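A short worksheet on the structure shown next.
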Amino acid sequence: MRSRCARTFGVCLVSVLAIALAGCVGGRHAMGSPGSQSIPVGQSTQTIDWGGVARTFHLYRPQGLPDAAPLVVMLHGGFGNGAQAERSYNWDAEADNGHFLVAYPDGLNRAWNAGTCCGQPQRANVDDVGFITAMVGAIEQEIPIDPARVYATGMSNGAMMALRLGCQTDTFTGIAPVAGTLLADCSKARPTSVLQIHGTADDRVPYNGGPGKAFAINGNPRVDGPAVESVNATWRSVDACGPPTSTSTGAVTTQTAGCPDGRTVELISVAGAGHQWPGGQPSPLAELAGVPEPSTALNATDTIWQFFSH
């Protein structure tokens with residue numbers, strides 16, 4: 001696949017290693033194009049035309065996929081891409097066990113327009129909400145998926161994008177942002193189950209809100225958003241939930257609010273964890289990038305799939 005190895009910018013979700021490894025992979029074909037073959041089992045790279053631009057995403061199809069399968073959309077963060085997200089967060093193995101599809105879309109120039117962030121997509125007002133919903137529709141044309149079990153998760157800038165999707169579409173039954181905050185209009189959001197995961201020591205997207213540590217690349221501002229618990233309160237209001245209850249086990253504190261129609265809004269706080277995907281692949285260059293190694297107090301991928309599947 002031809003990689004969009006362009007300028008890096010935006011909010012860092014991954015270490016320098018992800019930049020170095022986010023290279024080129026093969027197997028791309030245009031979904032729905034004349035003569036295109038059905039989506040193979042395993043990893044593949046797909047292309048759709050959106051807004052006159054060829055947009056790419058990676059897709060993982062496990063063996064023995066049932067009819068009306070669930071779909072998880074995993075959104076990389078700033079500096080990353082779909083291939084990097086597929087390597088870093090262990091969703092393919094989770095899909096093998098849970099029998100669901102995983103899509104890893106590529107943001108333009110390694111970022112997403114999540115509202116007031118990030119990078120060139122935000123400055124050019126790229127319609128990433130439209131692209132991602134079109135991608136889901138294109139997958140559904142090729143593989144029977146259950147429209148009631150389509151979910152979005154993401155890391156950092158990808159988490160912000162997942163929150164925007166929850167606020168501005170009715171495509172996703174549940175969203176699970178990791179190390180992100182809400183930077184888009186959510187005034188017309190429909191009820192959606194939400195799980196937030198966030199480290200209390202995150203200096204890029206601070207747990208208590210406000211400006212994070214700057215990466216001042218190509219003139220990009222720091223992230224400056226609401227506190228994590230404020231975002232959770234917004235979703236409890238959207239979903240008309242009851243008051244949350246809280247439990248703690250070691251470094252992990254979980255706030256859970258029950259909501260009408262079986263929905264749930266949760267917040268998992270990981271004490272001492274920084275800007276990271278807990279339980280993700282460690283990077284030998286994390287220290288050089290100033291990004292801490294992932295906490296082992298929680299496996300975010302397992303936890304998110306349990307939340308989605310229940």
Side-chain angles (χ1 to χ4, degrees), residues 11 50-51 55 70-75 77 103 105 107-108 111-119 121-140 145-198 205 209-210 221 223-244 255-267 304 307-308:
V11 178
W50 176 251
R55 298 293 302 264
L71 169 65
V72 173
V73 177
M74 171 68 221
L75 300 163
L108 291 179
W112 301 106
N113 178 12
T116 59
C117 181
C118 294
Q122 184 272 327
R123 292 194 298 272
N125 197 26
V126 172
D127 184 8
D128 281 325
V129 171
F131 160 55
I132 293 167
T133 53
M135 178 196 71
V136 172
I139 294 169
E140 190 173 18
I145 63 174
D146 184 349
R149 293 191 292 170
V150 178
Y151 311 103
T153 184
M155 169 66 192
S156 189
N157 181 201
M160 300 167 201
M161 191 67 224
L163 282 161
R164 185 172 191 178
L165 291 169
C167 289
Q168 298 180 2
T169 78
D170 58 3
T171 300
F172 299 94
T173 302
I175 60 171
V178 177
T181 189
L182 180 58
L183 299 175
D185 178 24
C186 208
S187 61
K188 298 180 180 179
R190 299 186 181 188
T192 303
S193 288
V194 178
L195 167 62
Q196 292 171 262
I197 298 176
H198 213 106
V205 183
V223 171
D224 190 352
V228 173
E229 295 197 15
S230 175
V231 175
N232 203 252
T234 294
W235 280 106
R236 293 199 304 272
S237 177
V238 169
D239 285 53
C241 306
Q255 297 180 41
T256 303
C259 319
D261 300 318
R263 296 185 182 90
T264 306
V265 174
E266 291 189 12
L267 169 60
I304 291 168
F307 179 79
F308 287 161

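The shown structure was predicted, so the numbers you read here are calculated from the model rather than taken from an experiment.
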*What residue pairs, at least two apart or across chains, pass disulfide bond (SG atoms under 2.5 Å apart) with a residue in residues 148-185?*
Cys167-Cys186

*According to the salt bridge (charged side-chain N to carboxylate O under 4.0 Å, His left out) rule, which pairs have a member within residues 179-188, sequence neighbours left out?*
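Pairs touching residues 179-188 that pass the test: none.
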
_Non-neighbouring partners of Phe308 that pass ring pair (Phe, Tyr, Trp, His ring centres under 6.0 Å), sequence neighbours left out_ = Tyr151

What residues form a side chain to side chain contact (heavy atoms under 4.5 Å, CB included) with [X], not counting sequence neighbours?
X      : answer
Ser230 : Pro226, Ala227
Asp146 : Ala68, Ala148, Arg149
Gln255 : Glu229, Pro244, Ser246, Leu267
Ala134 : Ile48, Trp50

*Excluding sequence neighbours, so at least two apart, what forms side chain to side chain donor-acceptor pair (under 3.5 Å) with Asp224?*
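Expected list: none.
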
*asked:* Once salt bridge (Lys or Arg N to Asp or Glu O under 4.0 Å) is applied, do any residues pair with Arg263, and if so which ones, sequence neighbours excluded?
replied: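 Residues passing salt bridge (Lys or Arg N to Asp or Glu O under 4.0 Å) with Arg263: Asp261.
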
*Residue pairs involving residues 167-176 (criterion side-chain hydrogen bond (donor to acceptor under 3.5 Å, both in side chains); sequence neighbours excluded)*: Arg164-Gln168, Asp170-Arg190

_Salt-bridge criterion met for Arg55 and Asp128 (N-O under 4.0 Å)_ = yes

Rounded to the nearest 0.5 Å, how far apart are [atom1] of [X] and [atom2] of [Y]?
X      : Y      : atom1 : atom2 : result
Met160 : Leu75  : CE    : CG    : 12.0 Å
Trp235 : Ile175 : CH2   : CD1   : 4.5 Å
Cys118 : Asn157 : SG    : CG    : 3.5 Å

_Any non-hydrogen side-chain atom of Phe172 less than 4.5 Å from a side-chain atom of Ile132?_
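They are in contact (side-chain heavy atoms under 4.5 Å apart), so the answer is yes.
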
*Could you tell me whether a side-chain N or O of Asp239 sits under 3.5 Å from a main-chain N or O of Thr192, the two making a donor and an acceptor?*
yes

_Using modelled atom types and a 3.5 Å cut-off, is there a donor and acceptor pairing between side-chain atoms of Thr133 and backbone atoms of Val129?_
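Judged by distance alone, yes, a pair lies under 3.5 Å.
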
